[in-house]
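Reviewing the structure listed below.
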Amino acid sequence: MKFTTRKLLTLLTLTSCIIASLSACVPVILGGAVMGSLVATDRRTSGTQLEDEGIELRAASRVRDSLGERVHVNVTSYNRQVLLTGEVPTEQDKQRVEQVVAQVENMRKIVNELAIAGNASLSQRSSDTYITGKIKASLVDSKDLFANAFKVVTERGTVYLMGRITQREADHATNIARSTSGVLKVVRVLEIISEEELQNMLPKPAPVEVKK
């Protein structure tokens with residue numbers, strides 16, 4: 001069976017997500033480059049990307065220090081907008097997590113999607129990771145989407161889409177997520193930009209030198 005480059009990248013992306021940690025899908029390194037960069041560059045500045053990583057680490061640390069192991073909280077930051085997913089025992093714990101995370105510096109907004117329930121089982125987390133992998137692979141395989149512009153999080157069959165994208169891209173990605181087996185619901189935590197803004201973000205083609 002022959003594989004096109006796009007199909008091969010899709011297969012590798014899906015495989016990597018399945019074997020990644022149960023809380024997130026790690027990027028695949030191929031020939032010294034992150035595969036997502038083959039599709040499009042991240043629409044955040046490099047400084048913002050580092051800030052998002054710092055927000056996630058600081059917030060997760062504060063949640064552990066404050067509430068310990070009795071809660072299962074995932075912190076995802078994109079462009080300094082923080083998404084909280086996972087499970088907590090009570091409504092008071094849910095509000096406590098948000099209060100703790102709100103103390104983290106340089107954060108713009110919190111979207112609290114924590115469920116009041118027991119911690120998800122290993123099989124549920126494995127299923128969520130598999131769903132995330134399938135959606136990311138479909139985004140890579142789509143010809144009119146920039147897969148690296150999206151961050152995908154799945155909790156208990158609910159898919160959260162994050163990113164700085166156009167309305168057209170948002171609708172297309174939502175349809176992809178909704179049509180993926182195992183997805184119960186799609187929640188969009190997106191920043192909508194115009195098509196003009198998108199064009200300004202895209203790398204400009206190098207000028208062609210005309211030989212005289």
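Bear in mind the structure is a predicted one, so any value in this text is a computation, not a measurement.
Rounded to the nearest 0.5 angstrom, Asn175 CG and Ser179 OG are separated by 7.0 Å. To the nearest 0.5 Å, atoms OG1 (Thr180) and NZ (Lys134) are separated by 6.5 Å. Taken to the nearest 0.5 Å, the CG atom of Asn119 stands 12.0 Å off from the CG atom of Leu122. The distance from the CD atom of Glu51 to the OG atom of Ser46 is 12.0 Å, given to the nearest 0.5 Å.
For the pair Thr129 and Thr154, the minimum side-chain heavy-atom distance is 4.5 Å or more. With contacts defined as side-chain heavy-atom distances shorter than 4.5 Å, the pair Leu161/Val189 does not qualify. Side chains of Ile165 and Arg43 form a contact here, defined as non-hydrogen atoms less than 4.5 Å apart. At least one side-chain heavy atom of Val101 sits under 4.5 Å from a side-chain heavy atom of Met107. The shortest distance between side-chain heavy atoms of Phe150 and Lys136 does not fall below 4.5 Å. Using a 4.5 Å heavy-atom threshold, the side chains of Thr45 and Gln49 count as separate. Within the 4.5 Å cutoff, the side chain of Glu195 has no heavy atoms near those of the Gln167 side chain. Contact of the Thr85 side chain with the Leu114 side chain is not registered, since no non-hydrogen atoms from C-beta on lie closer than 4.5 Å.
Val187 and Val82 are assigned to two separate hydrophobic clusters, defined by single-linkage of ILVMFWY side chains at heavy-atom distances under 4.5 Å. Note on Val111: it does not cluster hydrophobically with Val75, by side-chain heavy-atom contacts below 4.5 Å among ILVMFWY residues. By the criterion of side-chain heavy atoms lying less than 4.5 angstrom apart, applied directly or through intervening Ile, Leu, Val, Met, Phe, Trp or Tyr residues, Met162 is not grouped with Ile110; the two fall into different hydrophobic clusters. By the rule that hydrophobic residues join a cluster once side-chain heavy atoms approach within less than 4.5 Å of another member, Ile131 and Val152 end up as members of one cluster. When hydrophobic clusters are built by joining Ile, Leu, Val, Met, Phe, Trp and Tyr residues whose side-chain heavy atoms come closer than 4.5 Å, directly or via intermediates, Val104 is grouped together with Val73.
Listed here is the closest heavy atom pair of Leu139 and Ala173: CD2-CB, 4.1 Å. Between Ala117 and Glu87, the shortest heavy-atom distance links the atoms O-CB, 3.4 Å. Shown here for Val100 and Ser66, the closest heavy-atom pair between the two residues is CG2-OG, 3.6 Å. Taking each heavy atom of Asp128 and Gly157 in turn, the nearest pair found is OD1-N, 3.0 Å. Between Thr166 and Ser194, the shortest heavy-atom contact is CG2-O, 3.7 Å. Of all heavy-atom pairs between Val88 and Val97, the closest is CG1-CG2, 4.2 Å.
No donor-acceptor contact under 3.5 angstrom links the side chains of Glu196 and Asn200, judged on distance only. There is a side-chain donor-acceptor pair under 3.5 Å between Glu91 and Gln95. Side-chain contact annotation: Thr76 with Asn74, donor-acceptor N/O pair under 3.5 Å absent. Residues Glu113 and Tyr160 bring a donor and an acceptor atom of their side chains to less than 3.5 Å of each other. Between the side chains of Thr90 and Asp93, at least one donor N or O sits under 3.5 Å from an acceptor N or O.
We find that Lys151 and Glu191 are not joined by a salt bridge, their nearest charged nitrogen and carboxylate oxygen being 4.0 Å or further apart.
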**OP:** Would you please test Arg64 and Glu69 for salt bridge (charged side-chain N to carboxylate O under 4.0 Å, His left out) and show each step?
**Re:** CA-CA 7 Å; Arg64 283 194 302 270; Glu69 298 297 325; 5.9 Å; no

**OP:** Report the C-alpha distance between Glu155 and Lys185 in whole Å, list the side-chain angles of each, state the deciding distance to 0.1 Å, and finish with yes or no for salt bridge (charged side-chain N to carboxylate O under 4.0 Å, His left out).
**Re:** CA-CA 10 Å; Glu155 287 281 356; Lys185 181 181 177 182; over 6 Å; no

Subject >> Verdict with supporting geometry, Arg80 and Thr48, side chain to side chain donor-acceptor pair (under 3.5 Å) >> reply: CA-CA 7 Å; Arg80 298 186 294 113; Thr48 301; 5.5 Å; no

Original post:
Are Val63 and Val71 close enough, and set up right, to give a side-chain contact (heavy atoms from CB on, under 4.5 Å), and what steps lead you there?
Top reply: CA-CA 9 Å; Val63 170; Val71 298; 4.2 Å; yes

Subject >> Evaluation steps, side chain to side chain donor-acceptor pair (under 3.5 Å), between Gln103 and Gln99 >> reply: CA-CA 7 Å; Gln103 298 172 9; Gln99 292 168 2; over 6 Å; no

**OP:** Give the intermediate values and the outcome of side-chain contact (heavy atoms from CB on, under 4.5 Å) for residues Arg164 and Leu190.
**Re:** CA-CA 6 Å; Arg164 299 186 67 215; Leu190 301 169; over 6 Å; no

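Judged purely by atom type and a 3.5 angstrom limit, Glu56 uses its side chain to pair as donor or acceptor with the backbone of Ser77. Under the 3.5 Å distance criterion, the side-chain polar atoms of Ser127 are left unmatched by any main-chain donor or acceptor of Ser123. Not a single donor-acceptor pair under 3.5 Å links the side chain of Arg178 to the backbone N or O of Val183.
Checked against salt bridge (charged side-chain N to carboxylate O under 4.0 Å, His left out), Arg44 has the following partners two or more places apart in sequence or in another chain: Asp42, Asp52.
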